[in-house]
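The next block holds one structure in the form of structure tokens; read it before the comments.
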Amino acid sequence: MFEKFSFSVLLKPLLLLLPLSLLLILFLSPYPSAHPSPQSSSSSSSSSSPFIRIRRAFPSYDDYLKLQLNKTQNPRLRHLWATRDWDRKVTVFSRLFSLLKSRHLLSNSSRALCIGARLGQEVAALKKIGVDNSVGMDLVPYPPLVIKGDFHKQPFKSNSFDFEFSNVFDHALYPEKFVGEIERTLKPGGVAVIHVALHRRGDKYSANDLLGVDGIVGLFKHSDLVSTEKVDAFGLDTEVVMRKRRKLLRIRVEKMFIFYVGLGIWKNRGGGVSNESCSWVFLSVFFILV
């Protein structure tokens, strides 16, 4: 004869495992962010910020890309970037990145991305100072330093990089998308460094003019301003440093984990509660806070 089956035999382990399962799912959840295609967006290229002026509208996104490629694929410019300008730019970028390392905003273990890297002088500079896991991205690849990619839709998974650098913000037709993709691909706690010009207009390939530092800072929705500094970087005069906030939900999960552990310690020391009661208390607090 089989003994009468007791539902509590299954209920007990389920209640004990459920809190830990919820913690694990939430802790491993990716950073929520949309990844829209630039081509699928509205044809309007106006900016919502009064500190950013879009220079002109394009009939299509392909027309905008053609203008950018006219510069990137220019044989004369590419020859200058690879010869006369190479050592000078690597030296300057190495010095700037070394200062960021001294401020603990960059380290040798950082996974770094350079946006709009052309031939990759910035990447070479990062590797020169010890940040070996570095890569550049541009419309035209330049292996092995630079891979193909559009900064309006980066070809990387969310939460991929510890550090992102760019000095081509003025080339963004959609500044919100440019910044949105940086925040999507930065890890929580990751650092973005952007060099911009506040006191001069860009060249004929620039798509926008930045009229104040608040223009770019205001585009970051999930990051905090670390600093703004004056720099002398190939016509760009201001360095903006942002740090992506750690997810509030993850902080709450960490607090819930501490609470759950504390509840277990209290029970084991004679707190007078059963395993089932511990689990129900945890779930009640979990849904109130999260």
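Only a predicted model underlies this, so the values are computations on that prediction, with no experimental measurement involved.
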Practice item. Assess whether atom NZ of Lys204 is packed by more than 12 heavy atoms of other residues, nucleotides or ligands within 6.0 Å. Key: no
Check your understanding: If you count the non-hydrogen atoms of other residues, nucleotides and ligands that lie under 6.0 Å from CG in Asp232, is the total more than 12?
Key -> no
**Study point:** Reference residue Arg118; test side-chain hydrogen bond (donor to acceptor under 3.5 Å, both in side chains); the match among Thr72, Asn167, Asp85
**Key:** Thr72
Check your understanding: Is any side-chain heavy atom of Glu181 less than 4.5 Å from a side-chain heavy atom of Ile115?
Key -> no
Practice item. For a salt bridge (Lys or Arg N to Asp or Glu O under 4.0 Å) with Asp224, tell me which candidate from Arg245, Lys244, Arg246 qualifies. Key: Arg245
**Study point:** His152 ring center within less than 6.0 Å of Tyr61 ring center
**Key:** yes
Check your understanding: Would Gln68 and Leu173 satisfy side-chain contact (heavy atoms from CB on, under 4.5 Å), going step by step from the backbone distance to the final call?
Key -> CA-CA 10 Å; Gln68 299 304 311; Leu173 180 63; over 6 Å; no
**Study point:** Tyr142, OH: over 12 other non-hydrogen atoms inside 6.0 angstrom
**Key:** no
Exercise for review: Report yes if the side chains of Asn208 and Ile54 come closer than 4.5 Å at any heavy-atom pair, otherwise no.
Suggested key: yes
Review point. Does the side chain of Leu219 come within less than 4.5 Å of Ile52's, by heavy atoms?
Key: yes
**Study point:** Spacing of Glu164 atom CD and Ile182 atom CD1 [to the nearest 0.5 Å]
**Key:** 6.0 Å
Check your understanding: Could you state the interatomic distance from CD1 (Ile194) to CG (Asp170), rounded to the nearest 0.5 Å?
Key -> 11.5 Å
Review point. Under a 4.5 Å cut-off applied to non-hydrogen side-chain atoms, are Val168 and Asp138 in contact?
Key: no
**Study point:** Hydrophobic cluster membership, Phe156 vs Val179, 4.5 Å side-chain cutoff
**Key:** yes
Exercise for review: Examine Leu65 and Phe169 and state if one hydrophobic cluster contains both, with Ile, Leu, Val, Met, Phe, Trp and Tyr joined whenever side-chain heavy atoms are less than 4.5 Å apart.
Suggested key: yes
Point to revise | Modelled atom types, side-chain donor and acceptor of Ser110 and Ser107, under 3.5 Å | key: yes
Check your understanding: How long is the gap from OG1 on Thr228 to CD on Glu239, to the nearest 0.5 Å?
Key -> 9.5 Å
Exercise for review: Dump the intermediate steps for side-chain contact (heavy atoms from CB on, under 4.5 Å) on Asp203 and Lys71, then the final yes or no.
Suggested key: CA-CA 10 Å; Asp203 59 25; Lys71 180 176 183 178; 2.6 Å; yes
Exercise for review: Give me the one residue out of Phe165, Phe93, Phe234 that meets ring-ring contact (aromatic ring centres under 6.0 Å, His included) with His195.
Suggested key: Phe165
Practice item. Would you confirm whether Gln121, through its side chain, and Lys89, through its main-chain N or O, come within 3.5 Å as a donor-acceptor pair? Key: no
Review point. Does some side-chain heavy atom of Asn108 sit less than 4.5 Å from a side-chain heavy atom of Lys101?
Key: yes
Exercise for review: Find out if a path of hydrophobic residues (ILVMFWY) with successive side-chain heavy-atom gaps under 4.5 Å connects Val240 to Phe220.
Suggested key: yes
Practice item. Any chance you could lay out the side-chain contact (heavy atoms from CB on, under 4.5 Å) test for Val123 and Val135, step after step, and finish with the verdict? Key: CA-CA 6 Å; Val123 182; Val135 67; 5.6 Å; no
